[in-house]
Novice: 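Just passing along the structure, written as structure tokens.
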Amino acid sequence: MTSLAQLRKTALSLPGTAEETVRPGVITFTVRGKRFASLGQDKRVQLHLPATEADEVLAAHPTAERLTRGTTSIGVRVPVGDINGRQLNHWVRRAWLARAPKQLVAQAEAADTAAAGAVGDLPKGIGNPATRALANVGVTTLAQVSELSEAELLAMHGVGPKAVRLLGEALSAAGLRHKG
């Protein structure tokens with residue numbers, strides 16, 4: 001079962017994302033002021049997706065409903081408990097890609113192919129998921145890593161305790177340390 005915590009972690013791992021509570025019980029996620037995902041009091045995730053992608057969600061999830069503005073499809077609404085974590089991660093990212101500015105989309109797409117040891121001076125040992133997560137938010141050097149706390153790193157989808165430990169060791173070797 002998926003939760004608000006997973007939705008929040010996934011959404012906030014995407015560059016330029018902001019979270020706001022628009023009214024009690026309603027959380028929205030925006031990229032540069034454009035809403036791409038939200039969770040209402042009814043525990044339904046709303047994802048702003050192009051019509052073709054909305055059709056895919058509707059086909060895969062019988063409890064999903066189409067979101068419309070007038071007669072135009074603007075996305076889907078699906079009960080958060082009816083979508084597994086992996087699917088939620090995928091569709092939140094797709095919604096973000098549909099709403100994000102082109103520069104952020106290009107940065108995120110470049111991060112998709114980032115390989116451990118091939119991005120800036122980040123250590124290879126942190127692995128591909130952590131390398132991609134850091135590159136996705138524009139962090140490609142140890143100096144940039146030093147501007148983040150361990151908690152901020154761990155909050156990124158794809159960065160786990162091992163990667164944080166290895167980054168800490170690399171920072172120490174370079175005479176740097178984590179923020180805070």
Side-chain angles (χ1 to χ4, degrees), residues 1-21 27-39 45-49 53 80-81 83-180:
M1 186 166 157
T2 307
S3 66
L4 170 59
Q6 177 153 4
L7 173 62
R8 176 177 283 128
K9 184 173 183 174
T10 300
L12 293 176
S13 73
L14 299 165
T17 297
E19 175 183 348
E20 79 177 83
T21 302
I27 310 293
T28 65
F29 298 94
T30 61
V31 57
R32 304 273 168 89
K34 291 184 177 181
R35 182 184 306 186
F36 66 92
S38 61
L39 183 68
V45 177
Q46 291 187 19
L47 300 168
H48 292 261
L49 293 163
E53 293 190 33
V80 71
I83 187 167
N84 72 39
R86 184 176 222 157
Q87 293 167 330
L88 180 71
N89 292 347
H90 171 77
W91 291 115
V92 167
R93 180 175 168 78
R94 299 301 305 166
W96 179 89
L97 287 167
R99 305 286 286 170
K102 289 178 183 171
Q103 178 186 9
L104 286 179
V105 170
Q107 178 181 322
E109 288 174 343
D112 287 345
T113 60
V119 175
D121 61 352
L122 299 176
K124 183 176 183 175
I126 66 172
N128 287 336
T131 301
R132 285 191 297 268
L134 290 167
N136 193 39
V137 296
V139 175
T140 59
T141 67
L142 288 174
Q144 291 169 317
V145 170
S146 73
E147 296 170 8
L148 301 170
S149 69
E150 289 184 5
E152 289 170 320
L153 290 168
L154 286 169
M156 292 181 192
H157 183 73
V159 179
K162 178 183 175 187
V164 171
R165 179 179 52 80
L166 293 172
L167 287 165
E169 291 170 3
L171 288 172
S172 292
L176 300 168
R177 60 187 173 120
H178 289 291
K179 175 180 93 175

Novice: Can I get a per-line list of side-chain donor-acceptor pairs under 3.5 Å for residues 167-180, giving both atom names and the distance, sequence neighbours left out?
Specialist:
residue	atom	partner	partner atom	Å
Glu169	OE2	Arg165	NH1	3.2
Ser172	OG	Gly168	O	3.2
His178	ND1	Leu148	O	3.3
Lys179	NZ	Glu152	OE1	3.4
Lys179	NZ	Glu152	OE2	3.2

Novice: Would you call Pro15 and Asn136 a side-chain contact if the rule is heavy atoms closer than 4.5 Å?
Specialist: yes

Novice: Flag the pair Arg32 / Leu104 as yes when at least one side-chain heavy-atom distance between them is below 4.5 Å, and no otherwise.
Specialist: yes

Novice: For the backbone of Arg35 and the side chain of Arg99, can you confirm whether one donor and one acceptor N or O come within less than 3.5 Å of each other?
Specialist: yes

Novice: Rounded to the nearest 0.5 Å, how far does CZ of Arg8 lie from CD of Glu19?
Specialist: 4.0 Å

Novice: Pick out which of Thr10, Leu97, Ile83, Thr17 makes a side chain to side chain contact (heavy atoms under 4.5 Å, CB included) with Val92.
Specialist: Thr10

Novice: Kindly indicate whether the side chain of Leu154, heavy atoms from C-beta on, has any atom under 4.5 Å from the side chain of Pro161.
Specialist: yes

Novice: Is Val31 close to Leu14 at the side-chain level, that is, under 4.5 Å between some pair of heavy atoms?
Specialist: no

Novice: Hey, does Leu153 have a side-chain heavy atom less than 4.5 Å from the side chain of Leu134?
Specialist: yes

Novice: I'd like to know whether NE2 of His157 has more than 12 heavy-atom contacts from other residues, nucleotides or ligands below 6.0 angstrom.
Specialist: no

Novice: Between CG of Leu7 and CG of Leu88, what distance do you get to the nearest 0.5 Å?
Specialist: 5.5 Å

Novice: Assess the residue pair Glu53 and Leu47 against the criterion (side chain to side chain contact (heavy atoms under 4.5 Å, CB included)); give the C-alpha distance rounded to whole Å, side-chain angles, the decisive distance to 0.1 Å, and a yes or no.
Specialist: CA-CA 10 Å; Glu53 293 190 33; Leu47 300 168; over 6 Å; no

Novice: Side chains of Arg132 and Val119: does their closest heavy-atom pair fall under 4.5 Å?
Specialist: no

